[in-house]
Amino acid sequence: MSTETLFQAPPIEEQQRMVEAILFASSKALSTAALTARLPHGCDVPAALRALRQRYADRGVQLVRSGDEWAFRTAADLSFLMQKEVVETRKLSRAAIETLAIVAYHEPVTRAEIEEIRGVSVSRGTVDLLMELDWIKLGRRRQTPGRPVTFTTTAAFLAHFGLETARDLPDLKELRAAGLLDNRPSPGDLREGEQDPNRNQDDMFE
Amino acid sequence: MSTETLFQAPPIEEQQRMVEAILFASSKALSTAALTARLPHGCDVPAALRALRQRYADRGVQLVRSGDEWAFRTAADLSFLMQKEVVETRKLSRAAIETLAIVAYHEPVTRAEIEEIRGVSVSRGTVDLLMELDWIKLGRRRQTPGRPVTFTTTAAFLAHFGLETARDLPDLKELRAAGLLDNRPSPGDLREGEQDPNRNQDDMFE
Amino acid sequence: MADEQLIRERDERLAAEALVIDVDGFEGPLDLLLTLSRTQKVDLRKISMVALADQYLRFVEAAKRLRIELAADYLVMAAWLAFLKSRLLLPADPAEDGPSGEELAAHLAYQLQRLEAMRKAAAKLMARDQLGRDFLARGLTEDVSMKRRVKYEASLVELMRAYAGVKTRDDFEPLHFKRDAIYTMEQALERMKGLIGTMLNWSDLEEYLPEAWRLDPKKRRSATASTFAASLELVKAGTLEIRQVESFGRIEFKRRG
């Protein structure tokens with residue numbers, strides 16, 4: 001309205017059709033930025049997404065958001081119809097599931113912190129596997145001695161578990177209120193004897 | 001209404017949702033018979049298809065029929081939006097990914113240094129490709145005899161690999177801890193590796 | 001009374017053995033402690049650490065008796081719990097530094113609660129509707145191929161693997177000079193000095209290569225280079241003359257004067 005552009009943006013209804021078409025054609029979630037880049041100049045992608053989401057709210061296919069990415073997905077209540085399309089996925093080990101949960105609830109989290117919580121060293125390949133699944137990724141290095149790398153979850157993680165944002169993790173508020181997501185250091189240094197010799201000492205008590 | 005069945009068929013609106021979801025998730029067009037087989041007993045698939053077709057008539061995607069098979073397709077007038085999607089993804093050659101990794105870990109780095117680390121000469125094509133992809137760029141010249149140019153990674157590189165800074169990359173110790181450094185070649189394997197046909201192949205590709 | 005005591009101990013021992021036999025099923029001492037703590041059937045916040053320490057120590061005892069080898073961290077935990085128990089039972093020694101038994105016990109209780117909380121959260125996470133299982137992505141993607149554009153793809157994992165690969169090559173094939181195939185210039189010089197008295201006429205450099213260095217091409221190359229370098233050294237010192245009649249021809253030398 002205030003900004004005058006050289007080209008007239010398409011009508012709102014048309015913008016919605018375009019976003020609908022692009023998202024329908026893609027199996028992957030697309031970010032607002034990616035959508036904007038593919039639409040004619042001047043389109044209001046967030047408004048189109050809001051309208052579409054509304055339009056599909058109780059349909060068999062729904063517009064879902066994960067992080068900043070959007071995708072059409074079949075409604076979860078119809079999963080019983082989908083057996084034919086379901087691809088059997090590899091069953092995750094308990095270690096991988098727990099590691100994933102710890103990254104999700106404690107992110108950004110260092111390897112040493114994951115080990116501290118599980119009380120056991122993170123086995124080789126667990127982090128590797130979760131990264132390959134594109135559920136966790138490297139975060140910033142922690143600004144503590146040794147500058148350990150941290151891990152965080154990805155948009156694909158949110159998309160896979162149907163979470164809009166990391167704040168929607170189950171029981172997040174309760175766990176936080178109970179202080180169970182605090183980074184509480186152990187009193188004294190008596191337990192240092194337990195450390196894995198490979199572990200970076202500096203990581204231990206950040 | 002006329003036929004009495006043991007189980008009540010779902011409401012019409014629900015039948016439409018089901019057909020919608022199944023067609024959305026299916027990787028191919030489906031016949032009326034196939035849809036009927038997947039829906040609860042007593043559903044009127046042709047009626048649901050008619051209603052859906054109507055509903056999507058002027059949307060960005062449309063329910064189209066070919067022969068007796070049904071599928072969602074992008075509206076013909078929006079096909080121009082799909083053209084950007086056309087990408088043939090190709091894996092980077094080993095030479096390229098190694099060169100890229102070395103630039104990322106050692107930037108700014110000269111060509112001679114890359115060659116020293118890889119132990120193989122770096123072909124022009126490799127560097128050109130990485131620059132074309134906008135993953136590496138020229139850095140400052142090194143203030144040493146010959147003033148060789150250096151290479152550094154770009155913002156596009158960080159964006160593609162989901163890094164905030166190249167300094168967030170894990171070091172060797174961390175790679176090992178993550179299980180990414182498991183396959184230690186034995187001295188015997190190394191000699192084999194040198195004659196690895198794939199390797200030569202990769203280098204040839206450039 | 002005494003019987004009851006005996007029976008209870010026996011039961012606990014049997015329970016411990018049942019756990020021991022499944023020791024592979026535990027993911028470390030903290031996991032084991034969490035499992036043991038459930039037998040107390042109280043809220044983790046109200047758990048008796050002394051009792052838990054006893055349970056754990058009995059477990060380790062039973063494992064020893066059954067000759068099951070426990071990983072070192074289980075034994076470290078046992079030692080630590082024994083220490084914790086003594087701190088909790090004995091009156092605090094004001095002269096002693098460090099955290100009190102209660103502080104240590106509170107932290108262990110916190111760790112157990114946190115681990116349990118993460119377990120439950122993980123279970124809830126996995127129980128959620130999942131993509132590809134409960135809700136599905138578009139099955140028939142339309143990537144109309146009109147304009148072909150090659151896109152190169154590489155993931156971060158691949159990048160790191162590549163680097164690890166390059167560096168591993170470095171690590172495990174250190175720059176090794178095969179010393180046994182190198183004839184040093186010092187050796188050559190030594191030998192030439194000893195033979196210089198015999199070099200009255202022009203003679204081929206090759207004749208001065210040591211016997212053992214003539215057959216193997218690598219050794220021969222090294223010996224030739226070093227002998228040649230040594231002869232130049234002697235020319236410089238004025239004790240030898242050197243000539244090569246034509247390009248790539250034989251290199252000959254003789255004693256000067």
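Residue numbers start from 1 in every chain, and the chains themselves are labelled A, B, ... in the order their sequence lines are given, proteins ahead of strands.
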Worksheet item: Which is it for A:Leu180 and C:Met118 under the side chain to side chain contact (heavy atoms under 4.5 Å, CB included) test, yes or no, and what are the steps along the way?
Response: CA-CA 9 Å; A:Leu180 288 169; C:Met118 279 299 110; over 6 Å; no
Worksheet item: Between C:Arg114 and A:Glu116, is a side chain to side chain contact (heavy atoms under 4.5 Å, CB included) present by the stated rule, with each step listed?
Response: CA-CA 10 Å; C:Arg114 186 173 58 180; A:Glu116 160 86 8; 3.6 Å; yes
Worksheet entry | side chain to side chain contact (heavy atoms under 4.5 Å, CB included) evaluation trace for C:Leu30 with A:Arg118 | CA-CA 7 Å; C:Leu30 210 53; A:Arg118 294 195 65 231; over 6 Å; no
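In terms of non-hydrogen atom pairs under 4.5 Å with chain A, the most contact-rich of C:Leu34, C:Leu125, C:Asp31 is C:Leu125. Counting heavy-atom pairs closer than 4.5 Å to chain A, the top-ranked of the candidates C:Lys124, C:Glu103, C:Arg119 is C:Arg119. Ranked by non-hydrogen atom pairs under 4.5 Å with chain C, the options A:Met82, A:His106, A:Lys137, A:Arg94 are led by A:Arg94.
The local environment of CD in A:Gln54 is sparse, with at most 12 non-hydrogen atoms from other residues, nucleotides or ligands closer than 6.0 Å. No more than 12 heavy-atom neighbours from other residues, nucleotides or ligands sit within 6.0 angstrom of CZ on A:Arg176. The local environment of CZ in A:Arg140 is sparse, with at most 12 non-hydrogen atoms from other residues, nucleotides or ligands closer than 6.0 Å.
With a 6.0 Å cutoff to the six-membered ring centre and a 45° limit on the axis angle, A:Arg184 counts as a cation-pi contact of C:Tyr110.
A:Ala71 does not touch chain C: none of its heavy atoms, backbone or side chain, sits under 4.5 Å away. Heavy-atom distances place the side chain of A:Leu169, and not its backbone, under 4.5 Å from chain C. Within the 4.5 angstrom heavy-atom criterion, atoms from both the backbone and the side chain of A:Leu163 approach chain C. The parts of A:Ala95 that come within reach of chain C are both its backbone and its side chain, each placing non-hydrogen atoms under 4.5 angstrom from that chain. For A:Asp134, no part sits under 4.5 Å from any heavy atom of chain C, backbone or side chain. Contact annotation for A:Phe72: only backbone heavy atoms (N, CA, C, O) come within less than 4.5 Å of a heavy atom of chain C.
A distance of 7.5 Å separates CD of A:Glu132 from OG of C:Ser155, quoted to the nearest 0.5 Å. A distance of 8.5 Å separates CG of C:Leu136 from OG of A:Ser79, quoted to the nearest 0.5 Å. Atom CE in C:Met126 sits 11.5 Å away from atom CD in A:Glu98 (nearest 0.5 Å).
Note on C:Lys120 versus A:Glu174: no salt bridge recorded, every NZ/NE/NH1/NH2 to OD/OE distance being 4.0 Å or above. With respect to C:Asp129 and A:Arg73, no salt bridge is recorded, no charged nitrogen being found less than 4.0 Å from a carboxylate O.
Nearest approach of C:Phe135 to A:Phe161, heavy atoms of both residues: CZ-C, 4.5 Å. C:Leu115 and A:Ile117 make their closest contact through CD1-O, 3.5 Å (heavy atoms, listed as atom of the first residue, atom of the second, distance). The shortest non-hydrogen separation linking C:Pro29 to A:Gly119 is CD-O, 4.0 Å. Scanning both residues, A:Leu175 and C:Ala117, for their nearest heavy atoms gives CD2-CB, 3.5 Å. In terms of heavy-atom proximity, A:Asp128 sits nearest to C:Val157 at OD1-CG1, 4.0 Å.
Not one N or O on the side chain of A:Ser27 forms a donor-acceptor pair closer than 3.5 Å with the backbone of C:Ala137. With hydrogens and angles disregarded, no donor-acceptor distance shorter than 3.5 Å links the side chain of C:Arg138 to the backbone of A:Ala25.
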